[in-house]
Amino acid sequence: EALRSKDGPMKVATTRFAVRAKRPNVEQPRDYVHGGLLSEINDISGSQEALKQQNASAEETLQRLLKKKESMEQDIAIKKKSIQIDAQQCLRLRNTLSWRGFRHAGM
C-alpha cells in the first residue's frame with residue numbers, strides 16, 4: 001500500500017516535467033523549478049526502490065517463518081504421537097509390573 005501511495009505523486013511530478021520539456025527551446029529554462037522536479041522524481045523513485053527492497057525482505061522473512069512453522073507443527077505432531085503411544089501402551093505395561101522388591105540406592 002505504501003508503494004502504491006507513491007504512484008500518484010510520481011505521476012504528477014513526471015507529468016509536470018514532461019509538460020515543461022515540451023516547451024519551445026526559449027521557454028525551457030533550467031531553473032530551480034526544473035531542478036526541483038528532477039529532485040522530486042529522484043526522491044520518489046528512491047523511496048519506491050527502498051519500499052520494494054523492504055517488501056522483498058519481508059516476503060523472504062515470511063517464507064522463512066512459514067517453513068519454521070511447518071517444521072514446528074511436524075515436531076508437535078511427532079510429540080503428540082509419542083505421548084499417545086506412551087499413554088496407551090507403556091503406561092498400561094508399567095501398571096502391570098510389580099515394584100514391591102525395588103529399593104532406591106539411597107535407602
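At distances below 3.5 Å, not a single donor-acceptor pair connects side-chain atoms of S57 with backbone N or O atoms of Q53. Put simply, the side chain of S82 gets close to the backbone of I78: a donor and an acceptor are under 3.5 Å apart. Proximity of a side-chain donor or acceptor of T14 to a complementary backbone N or O of M10 within less than 3.5 Å is detected.
Atom OG of residue S47 and atom CG of residue N42 lie 10.5 Å apart, to the nearest 0.5 angstrom. The distance from atom NZ of K80 to atom CG of D75, rounded to the nearest 0.5 Å, is 11.5 Å. Atom-to-atom distance recorded for I41:CD1 and L37:CG is 6.0 Å, nearest 0.5 angstrom. For the atom pair K81 NZ and I83 CD1, the distance stands at 12.5 Å (nearest 0.5 Å).
Checked options L38, I44, D43; the residue passing with E40 is I44 (criterion: side-chain contact (heavy atoms from CB on, under 4.5 Å)).
When side chains are defined from C-beta on, Q63 counts as touching E59, because their heavy atoms get closer than 4.5 Å.
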**OP:** Please report the C-alpha distance between Q74 and E70 in whole Å, then the side-chain angles of each, then the deciding distance to 0.1 Å, and finally whether the side chain to side chain contact (heavy atoms under 4.5 Å, CB included) criterion is met.
**Re:** CA-CA 6 Å; Q74 288 175 353; E70 182 180 344; 3.7 Å; yes
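Surrounding CD of E60 are at most 12 heavy atoms belonging to other residues, nucleotides or ligands under 6.0 Å away.
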